[in-house]
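Single-structure report; data block below.
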Amino acid sequence: MPILQRPRGTRDFLPDEMEPRRAIEDVMRETAGLWGYREVGTPVFEEAELFTIRSGQGILNEMYVFEDKGGRALALRPEITAAVQRMFVNEAKVLPRPLRWFYFSDCFRYERPQKGRYRQFWQFGAELIGAGTPRGDAEVIMLADAIIRSAGLSYTLEIGNLSFVRSLIKSQTHEIRHKIMGFLDKRDEKQLIDFLRSEGLIDLYDSLNHLIKATQLDEIFQVTGDIPEKDDIKSFFSLLDASGIEYTLNPGIARGLDYYTGMVFEGFAEGLGTENQILGGGAYRLAHLFGGEDTASCGFAIGFDRVIVALGLTNTRKGPVVAILLTPDGENKAFIVANELRAAGFIVEIDLYSRGLGAQMTHASKGADYAVIIGKNEILQNKVTLKDLKTKEQSLCSIEDAIIRMKSFDNRG
RNA sequence: GCCAGGGUAGGGUAGUGGUUAUCCUAGGGGACUGUGGAUCCCUUGACCCGGGUUCGAAUCUCGGCCCUGGCCCCA
């Protein structure tokens, strides 16, 4: 029947869904603000090259790319980090560092939709630019944790550092390193062994295997020895431990791309099926790829839609909702009373049809908590009739009394 | 890109080749005109799209689109 349908992988949001989304978004913004992070915005579309520089030509297949009328190769943003770094290079070279920025934006990827994966989706993320210290790394993780928890979601946090694995395979070619990291990330032991064997590197297996199964820092450094990053890594983790943040050490977390510099972390929530990762982040260096000064950064992105799915849609409208019912005599008065009630903070809807009180009451009962009736009697006595639609109690009282009674809405259960 | 299961009014559904496609709910109109959140009456509204088989297709078949879940990917 519908002539037009939504593009694949996109969604419409009715008020019952939009309102809790906004509420959670607001909480996240507020939390980020408390940490001194300030919101930034970037264009919905960018030069496609911005993203290929970051992630390689392969992502062209997974983006919405198009040519504009001037022949420019553009892409809808598939993520925000590259754009933020580009913005940093373009606009913010001289701002005092570190920069603490966050964003909440929709992104677009041309992928097969499934649970928690859409072609238009929202990311809440933050970037700390110009710190490059254990404290900075720790702050970013704590911020991510605070934001997710402020949204009311419980999740599991895994933290690793690419230096561990890299120290063991640093003499290998880029391609071999990349493959090994991939197998480790997937925890695919069999493929890892097969690959190492085929490359004649099977003697690496013991140490790699030890490493990714380690649960304590000491065990890790027993495998890697005294790598240059050791002191920083230790002070980073001692900051986290002191903060009381809950996490597990995962030395196997890998990233396929070279600009990640060390600390990496991921977060997972339940109730999401395959796509259960709600958080990803780490320390990186990207600015120099966009023509800027080489600058240490650290950031994360939260999959906002997955957070919403994991939380489940809860109650929506902040009550109480007041419906104004009126007879023709009460029309003028009804609009005045409506505004007085709005000024007092209530959500007020006035009946717009000339229908009987019964029909108005029927309608009111579907969405409102209180009915306020304004008719001839009320005008003569300069009062209103207040009906509690839950308890069905009704009384004639002044507007002031009505306000006082309805204010107790939240307490009455 | 691959695999599986789906797609019937706004929502939920019945319907295994044969009259006018079932029921609930919702929406609209009316009765009613100071409480009927009721009740009653009327009404709107659907077989995802396109080919094929057939006298006849919602039903069988093929292709596409979309949904759900999984694989791949995950910046």
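Sequence lines set the chain letters: A, B, ... in the order given, protein chains first and strands last, and positions in each chain run from 1.
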Practice problem: For A/R355 and B/rU35, give me the distance from atom CZ to atom C1', rounded to whole Å. | Solution: 14 Å

Practice problem: Select base, sugar-phosphate, or nothing to describe what A/I373 touches, counting heavy atoms under 4.0 Å on all strands. | Solution: base

Quiz item: CZ of A/F195: more than 12 outside heavy atoms within 6.0 angstrom?
Solution: yes

Quiz item: If each of A/E378 and A/L257 is mapped to the nucleotide of RNA chain B with the nearest heavy atom, which maps nearer the 5' terminus, i.e. the 5' end?
Solution: A/E378

Practice problem: Please state the P separation for the pair B/rC48 and B/rU13 - nearest whole angstrom. | Solution: 15 Å

Exercise. Identify, between A/Q277 and A/Y353, the residue whose nearest nucleotide on RNA chain B lies closer to the 5' end.
Key: A/Y353

Under 3.5 Å, which protein N or O atoms sit close to an N or O of nucleotides 63-70 of chain B? Give each pair with its distance.
residue: B/rC65; atom: O2'; partner: A/Q5; partner atom: OE1; Å: 2.9
residue: B/rC67; atom: OP1; partner: A/G9; partner atom: N; Å: 3.1
residue: B/rC67; atom: OP2; partner: A/R8; partner atom: NH1; Å: 2.6
residue: B/rU68; atom: O4; partner: A/R112; partner atom: NH2; Å: 3.3
residue: B/rG69; atom: OP2; partner: A/K115; partner atom: N; Å: 2.8
residue: B/rG69; atom: O6; partner: A/R112; partner atom: NH2; Å: 3.2
residue: B/rG70; atom: OP1; partner: A/T274; partner atom: N; Å: 2.7
residue: B/rG70; atom: OP1; partner: A/T274; partner atom: OG1; Å: 2.7
residue: B/rG70; atom: OP2; partner: A/T274; partner atom: OG1; Å: 3.4
residue: B/rG70; atom: O5'; partner: A/T274; partner atom: OG1; Å: 2.7

Quiz item: Are any of A/K186's side-chain N or O atoms less than 4.0 Å away from OP1 or OP2 of B/rC73?
Solution: yes

Quiz item: Hey, is the side chain of A/R109 pairing donor to acceptor with the base of B/rA75 inside 3.5 Å?
Solution: yes

Quiz item: Nearest to the side chain of A/R117 - B/rC73, B/rU35, B/rA75?
Solution: B/rC73

Practice problem: Consider the side chain of A/S365, meaning its heavy atoms from C-beta on, and name the nucleotide among B/rG37, B/rU35, B/rA75 that approaches it most closely. | Solution: B/rG37

Self-check item: Proximity to the side chain of A/L357 - top-ranked nucleotide from B/rC73, B/rG34, B/rG37
Solution: B/rG34

Quiz prompt | Residue A/R149 excluded, over 12 heavy atoms near CZ under 6.0 Å | solution = yes

Quiz item: Under 4.0 Å: is that the gap between some side-chain N or O of A/K366 and OP1 or OP2 of B/rG27?
Solution: yes

Quiz prompt | Nearest-neighbour nucleotide for the A/N377 side chain, B/rA75, B/rG37, B/rG34 considered | solution = B/rG34

Practice problem: Would you confirm whether the ring centroid of A/W122 sits within less than 6.0 angstrom of the ring centroid of A/F13? | Solution: yes

Quiz item: Does A/T362 place a side-chain N or O at less than 4.0 Å from the phosphate oxygens OP1/OP2 of B/rA38?
Solution: yes

